[in-house]
Participant: 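Shown below is the structure under consideration.
The residues of the chain are indexed from 1 along the displayed sequence.
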Amino acid sequence: MHLQEKTLKSDIIYEGPIFTITHDVAELENGKTAVRDVLHHHGGVCVIPITDDNEIYLVRQFRYPFAAVTAEVPAGKLEKGEDHAECGRRELLEETGCKCTEYIYLGEMLPTPAYNTEVTYMYLARGLSFDKQSLDEDEFLDVEKIPLAEAVQLVMDGKIRDGKTQLAILKAARILGL
């Protein structure tokens, strides 16, 4: 049982539209128990759209928990059982109006594995064409285009703080040899 924990008890303490929280008791490898509160989330997807000139589209939106506007790659949450590739294409179109002919899977990230089951799936979109943006009723954002090299510098300078966005930018830059 080295580096493993066994769930002995799990009680739902909150169930909402986006996530569920359980209060668990786990047995540790030394036989003792520990309390584990877990946020269960269906996951999310992010897409970094890149033009033929190596510019990217970011969205700026207000993030309530931080009372601040953040710069992020287009992203969204998965509905239960939804295919992450299709979710990413949908979010890209909804938030930026972009469609793409090339869609490259960049892998997944665990944003906060200590207490959250969320997995974020990442994609790179190329061969962009534009249609109409169609934001959700409660979604307000601005779209901006910046050079990928500038975005990398913003990440390195701590000016892009969102984790999925940082990772998607750095992975894209590495793939494209920037």
Participant: Would you check if I146 and I56 make a side-chain contact, meaning some heavy-atom pair closer than 4.5 Å?
Facilitator: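 Yes, close enough: below the 4.5 Å cut-off.
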
Participant: Distance check, rounded to the nearest 0.5 Å: E55 atom CD versus I50 atom CD1?
Facilitator: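 Going from CD on E55 over to CD1 on I50, the span is 11.0 Å.
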
Participant: Does M156 share a hydrophobic cluster with I175, counting links as ILVMFWY side-chain heavy atoms below 4.5 Å and allowing steps through other members?
Facilitator: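 Linked within one cluster.
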
Participant: Start with the C-alpha distance between V119 and L110, add both sets of side-chain angles, then the distance that settles side chain to side chain contact (heavy atoms under 4.5 Å, CB included), and finish with yes or no.
Facilitator: CA-CA 5 Å; V119 175; L110 307 178; 3.7 Å; yes

Participant: List the atom of Q61, the atom of L141, and the distance in Å for their closest heavy-atom pair.
Facilitator: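 Residues Q61 and L141, closest heavy atoms: CB-CB, 3.9 Å.
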
Participant: With side chains defined as the heavy atoms from C-beta onward, is the minimum distance between V73 and L58 less than 4.5 Å?
Facilitator: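 V73 reaches L58 side chain to side chain.
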
Participant: Does atom CZ (R36) have a neighbourhood of more than 12 heavy atoms from anything else shown, all under 6.0 Å?
Facilitator: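 Yes - once you tally the heavy atoms of other residues, nucleotides and ligands closer than 6.0 Å, there are more than 12.
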
Participant: Is it the case that over 12 heavy atoms from other parts of the model lie below 6.0 angstrom from the CG atom of D136?
Facilitator: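 More than 12 heavy atoms, drawn from other residues, nucleotides or ligands, come within 6.0 Å of this atom.
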
Participant: Please tell me if the side chains of L92 and P49 come closer than 4.5 Å, counting only heavy atoms from C-beta onward.
Facilitator: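 A side-chain contact exists here, since the closest heavy-atom pair is under 4.5 Å.
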
Participant: What are the two closest non-hydrogen atoms of P74 and T96, and how far apart are they?
Facilitator: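 Between these two residues, the closest heavy atoms are CG-CG2, 3.5 Å.
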
Participant: Which value, rounded to the nearest 0.5 Å, describes the distance between L39 atom CG and T112 atom OG1?
Facilitator: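 Atom-to-atom, L39:CG and T112:OG1 are 7.5 Å apart.
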
Participant: Say you draw a straight line from CD1 of I169 to CG of L154; how long is it, rounded to the nearest 0.5 Å?
Facilitator: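 So the CD1 of I169 and the CG of L154 are separated by 7.5 Å.
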
Participant: Okay, side chain of E82, backbone of E79: is any donor-acceptor separation there less than 3.5 Å?
Facilitator: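 Yes: the side chain of E82 pairs with the backbone of E79.
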
Participant: Can you find a heavy atom in the side chain of Y115 that is under 4.5 Å from one in the side chain of V38?
Facilitator: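 A side-chain contact under 4.5 Å is absent here.
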
Participant: Where do L128 and Y57 land on the side chain to side chain contact (heavy atoms under 4.5 Å, CB included) test, with the steps shown first?
Facilitator: CA-CA 11 Å; L128 304 178; Y57 288 93; 3.9 Å; yes

Participant: How long is the gap from NE2 on H42 to NZ on K80, to the nearest 0.5 Å?
Facilitator: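 Interatomic distance, H42 NE2 to K80 NZ, rounded to 0.5 Å: 6.0 Å.
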
Participant: When you measure from the centre of the six-membered ring of Y103, is the NZ or CZ of R89 closer than 6.0 Å and no more than 45° off the axis?
Facilitator: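 Yes, a cation-pi geometry.
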
Participant: Quick check against the 3.5 Å criterion: does K9 have a side-chain atom that pairs as donor or acceptor with the backbone of V25?
Facilitator: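 Answer holds: no.
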
Participant: In plain terms, say whether E118 and K77 are close enough for a salt bridge, that is, a side-chain N and a carboxylate O under 4.0 Å apart.
Facilitator: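 Here E118 does not pair with K77 in a salt bridge, since their nearest N and O are not under 4.0 Å apart.
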
Participant: Indicate the atoms forming the closest heavy-atom contact of E102 with I104, along with that distance.
Facilitator: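 Minimum heavy-atom separation between E102 and I104: OE2-CD1, 3.4 Å.
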
Participant: Which of these passes side chain to side chain contact (heavy atoms under 4.5 Å, CB included) with V59: V143, T165, D142?
Facilitator: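 Exactly one option meets the side chain to side chain contact (heavy atoms under 4.5 Å, CB included) with V59, and it is V143.
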
Participant: With the side chain counted from C-beta on, respond yes when I18 and H41 share a heavy-atom pair under 4.5 Å apart, and no when they do not.
Facilitator: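 I18 reaches H41 side chain to side chain.
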
Participant: Write down the atom of I160, the atom of A71, and the distance for their closest heavy-atom approach.
Facilitator: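 In this case the closest contact between I160 and A71 is CG2-O, 3.9 Å.
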
Participant: Which heavy atom in L135 sits nearest to a heavy atom in E95, and how many Å separate them?
Facilitator: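 L135 and E95 have their closest heavy atoms at CD2-CA, 3.9 Å.
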
Participant: Starting from the C-alpha separation in whole Å, work towards a yes-or-no answer on side chain to side chain contact (heavy atoms under 4.5 Å, CB included) for K171 and R174.
Facilitator: CA-CA 5 Å; K171 281 188 161 209; R174 180 70 182 259; 5.7 Å; no

Participant: List the steps, then state whether side chain to side chain contact (heavy atoms under 4.5 Å, CB included) holds for L178 with N54.
Facilitator: CA-CA 9 Å; L178 298 178; N54 287 330; 4.3 Å; yes

Participant: Evaluate the side-chain proximity of D24 to D37: yes if any heavy-atom separation is below 4.5 Å, no if none is.
Facilitator: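 They are not in side-chain contact.
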
Participant: For the side chain to side chain contact (heavy atoms under 4.5 Å, CB included) test, which of I12, N116, I13 pairs with I21?
Facilitator: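 One option only clears the test, and that one is I13.
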
Participant: Kindly compute the distance separating SG (C46) from CE (M109), expressed to the nearest 0.5 Å.
Facilitator: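 Nearest 0.5 Å value for the SG-CE distance: 8.0 Å.
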
Participant: Looking at side-chain heavy atoms only, is the closest gap between L8 and T33 below 4.5 Å?
Facilitator: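 Answer yes - side chains close enough.
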
Participant: Would you indicate whether the side-chain heavy atoms of E108 and M122 approach each other to under 4.5 Å?
Facilitator: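 With C-beta onward as the side chain, the pair stays apart.
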
Participant: Would R63 and E72 pass as an ion pair if we require N to O under 4.0 Å?
Facilitator: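 Counted as a salt bridge, because a side-chain N and a carboxylate O are separated by less than 4.0 Å.
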
Participant: Show the nearest heavy-atom pair for residues A168 and I48, with the distance to one decimal.
Facilitator: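 Where A168 meets I48 most closely, the heavy atoms are O-CD1, 3.8 Å.
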
Participant: How long is the span from the NZ atom in K99 to the CG atom in L93, to the nearest 0.5 Å?
Facilitator: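 Answer rounded to 0.5 Å: 6.0 Å.
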
Participant: So, are E86 and R90 salt-bridged, with charged N and O less than 4.0 Å apart?
Facilitator: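 Salt bridge absent between E86 and R90.
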
Participant: Under the ring-ring contact (aromatic ring centres under 6.0 Å, His included) definition, can you give me all pairs with a residue in residues 65-88, not counting sequence neighbours?
Facilitator: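 Checked against ring-ring contact (aromatic ring centres under 6.0 Å, His included) - neighbours excluded - the pairs reaching residues 65-88 are H84-Y105, H84-Y121, H84-Y123.
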
